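Here's the structure we're looking at; comments come further down.
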Amino acid sequence: MRLLGLANAPLTEGTTVVSMRYPRHLWSGSWRTDSEQAEEELARRRGTGFASGDEDPDHPAGTHSQASTTDSGRPRVPAILAVVVGMLIAGAFAAGTLTGKDDSPNALPAVSSRPINPRQGQTRTGAIYAKAVPAVVSIRTSAGSGTGFLIDNTQTIVTNAHVVDTSKHVTVRFGANGTNLDGQVLGVDASSDLAVVHLQAGSAPKSAKPLPLADSRAVQIGDTAIAIGNPFGLDRTATEGIISGLGRRIQAPNGFEIDQAIQTDAPINPGNSGGPLLDDSGRVIGVNSQIETGGGSNGNVGIGFAVPSNTLRQVVPILEQGKNVEHAFLGVQAAADVTGGVAPAGAEIADVTAGGPAEAAGLQPGDIIVAIDGKPVDEFGQVSQIVNQHKVGDEIDVRVDRGGGERSFHVTLGTRPKSAP
């Protein structure tokens, strides 16, 4: 199985798991070089005649859609999805959970399910698309293009952190024939692969209404999933599938882990990054972020991942205020996955971050974490989930097996660094 992104990258958490493989981001990476040639090829196939240096009204100079091609000229998905998120657990929504500050803004509200009734001759998916699509935008930077969508109000757009990257301003467009709008990047959280873009008041079309948010804890395997985005520059494309898995772990752009990711077989491809994943009521249940590939192809194979809406609900209000999102940090790295035999109970520490909370408390490489705060630990993913339920400054009790005897350590959680050690 071939993954898009960093293979065998450490999983840092707070925790780092060596030898884990992750899907690819739908943006960033070596595809950027290929995308210029790809856009020329797509333009020729469409008969537009636009070359990468020409001024295409749908692709202004300096911007490129995320497409590449095979030798036969067929589009292919580049190896690019960077999945970002630190260890956030979906249920942790108390104000201050991430920042550790009492003045942290409250999470955005989730709305209840409201059935969408299609018109005669219209499918339910068609009705959902018609209602949601005015709020979906294309986002372009000097390096490529992705997707975003309105939430909360007609000035706030959510997208992936790896879409805006280091840009302070991006080009936003509502539809292929829309006007190019200036979007100011208010904030980026690489640990959750989320970013917030701000539009000037009155610049969004009147038909664009903010998309409602769902409580992603209520999502179940088998539920309908509808993705809207701009794959390969194809304006606001809709695809449909189901929820294929829950509680998946993907890698954030800064090398940390995003947990509780939603897996779907709704086809998403480069350019879908930052777009909404909707339920059958038209509510946002996730932000499309990564895909996994297999065999000799870099294209979609029916395995995509979205950052859960509950992470969005908590992170976005902080970014809207221009603040940094602070994630709790333990500072341990996991031993390599066991490839044969019986894995020992607990989570073995391969290394500790120099100067980090774990090292300061006395944890050492070779220790096997068997419980945190009295909760048994069977594998390293549980360490991430437990740490993510805490805020910076919390003290946790870590029980380890060291040389056959158990010992307890009191660890004061620190602030996660900008990138994984």
Side-chain angles (χ1 to χ4, degrees), residues 10-18 20 85-104 189 191-192 247 249 252 254-260 311 314-315 318 323-336 343-421:
L11 197 166
T12 336
E13 150 272 338
T15 66
T16 300
V17 175
V18 179
M20 266 193 93
V85 189
M87 308 174 171
L88 301 172
I89 189 162
F93 287 132
T97 298
L98 294 179
T99 64
K101 299 175 182 178
D102 293 335
D103 61 349
S104 299
D189 181 38
S191 283
S192 61
R249 299 201 296 270
N254 60 359
F256 286 100
E257 182 187 67
I258 297 171
D259 62 11
Q260 303 302 319
T311 299
Q314 190 175 12
V315 169
I318 300 172
K323 298 180 179 179
N324 292 324
V325 181
E326 296 182 357
H327 301 267
F329 181 67
L330 177 58
V332 295
Q333 299 170 0
E348 182 177 353
I349 298 175
D351 200 2
V352 295
T353 302
E359 183 186 64
L363 292 171
Q364 301 175 1
D367 288 345
I368 300 174
I369 300 175
V370 295
I372 299 179
D373 288 341
K375 301 174 183 177
V377 170
D378 296 318
E379 50 91 20
F380 230 90
Q382 293 172 305
V383 177
S384 299
Q385 291 182 353
I386 294 172
V387 170
N388 285 334
Q389 295 178 40
H390 289 273
K391 61 180 181 288
V392 175
D394 281 356
E395 184 177 272
I396 61 174
D397 179 75
V398 181
R399 178 167 286 275
V400 304
D401 182 324
R402 177 179 293 178
E406 289 195 359
R407 299 180 58 179
S408 288
F409 296 86
H410 297 290
V411 184
T412 300
L413 296 173
T415 302
R416 181 181 297 172
K418 291 184 178 180
S419 61

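No experiment lies behind these values; they were computed from the predicted model shown. The figures that follow rest on heavy atoms only: side chains count, while hydrogens, waters and symmetry mates do not.
- One distance of note links NE2 of His327 with CG of Asn254; it measures 8.0 Å at 0.5 Å rounding.
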Original post:
Step by step, would you call Ile396 with His390 a side-chain contact (heavy atoms from CB on, under 4.5 Å)?
Top reply: CA-CA 9 Å; Ile396 61 174; His390 289 273; 3.6 Å; yes
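- Between the NZ atom of Lys391 and the OG1 atom of Thr415 there is a distance of 12.5 Å, given to the nearest 0.5 Å.
- Considering all non-hydrogen atoms of both residues, Gly331 and Ala358 come closest at O-CB, 3.7 Å.
- Proximity of Ile372 to Val383: side-chain heavy atoms (C-beta onward) are separated by under 4.5 Å at one or more points.
- Put simply, the side chain of Phe256 does not reach to within 4.5 Å of the side chain of Ser192, judged on heavy atoms.
- In this structure, Pro357 and Thr412 have side chains that are not in contact, with every pair of non-hydrogen atoms separated by 4.5 Å or more.
- The shortest side-chain heavy-atom distance between Lys375 and Gln389 falls under the 4.5 Å cut-off.
- Geometric assessment of Arg399 against the ring of Phe409 yields a negative cation-pi assignment under the 6.0 Å and 45° thresholds.
- When the options Val398, Asp397, Val400 are evaluated for a side-chain contact (heavy atoms from CB on, under 4.5 Å) with Ser408, the one that passes is Asp397.
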Original post:
For Val411 and Leu330, what are the C-alpha separation, side-chain angles and deciding distance, and is it a side-chain contact (heavy atoms from CB on, under 4.5 Å)?
Top reply: CA-CA 8 Å; Val411 184; Leu330 177 58; 3.6 Å; yes
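- Judged by distance alone, with hydrogens and angles left aside, the side-chain atoms of Asp401 form no donor-acceptor pair with the main-chain N or O of Glu406 at under 3.5 Å.
- A distance of 11.0 Å separates CZ in Arg416 from OG1 in Thr353, rounded to the nearest 0.5 Å.
- Between Ile386 and Val377, some side-chain heavy-atom pair lies under the 4.5 Å cut-off.
- A distance of 9.5 Å separates CG of Leu363 from CZ of Arg407, quoted to the nearest 0.5 Å.
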Subject >> Residue pair Phe380, Val332: steps toward the side-chain contact (heavy atoms from CB on, under 4.5 Å) verdict >> reply: CA-CA 10 Å; Phe380 230 90; Val332 295; 3.7 Å; yes
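- Atoms CD and OG1, from Gln260 and Thr311 in turn, are 8.0 Å apart once rounded to the nearest 0.5 Å.
- In this structure, Glu379 CD and Gln382 CD are separated by 5.0 Å, a value rounded to the nearest 0.5 Å.
- The side-chain heavy atoms of Val387 and Ser384, taken from C-beta on, include no pair separated by under 4.5 Å.
- With contacts defined as side-chain heavy-atom distances shorter than 4.5 Å, the pair Ile349/Ile369 qualifies.
- The pair Asp259-Arg249 does not count as a salt bridge, with every side-chain nitrogen at least 4.0 angstrom from each carboxylate oxygen.
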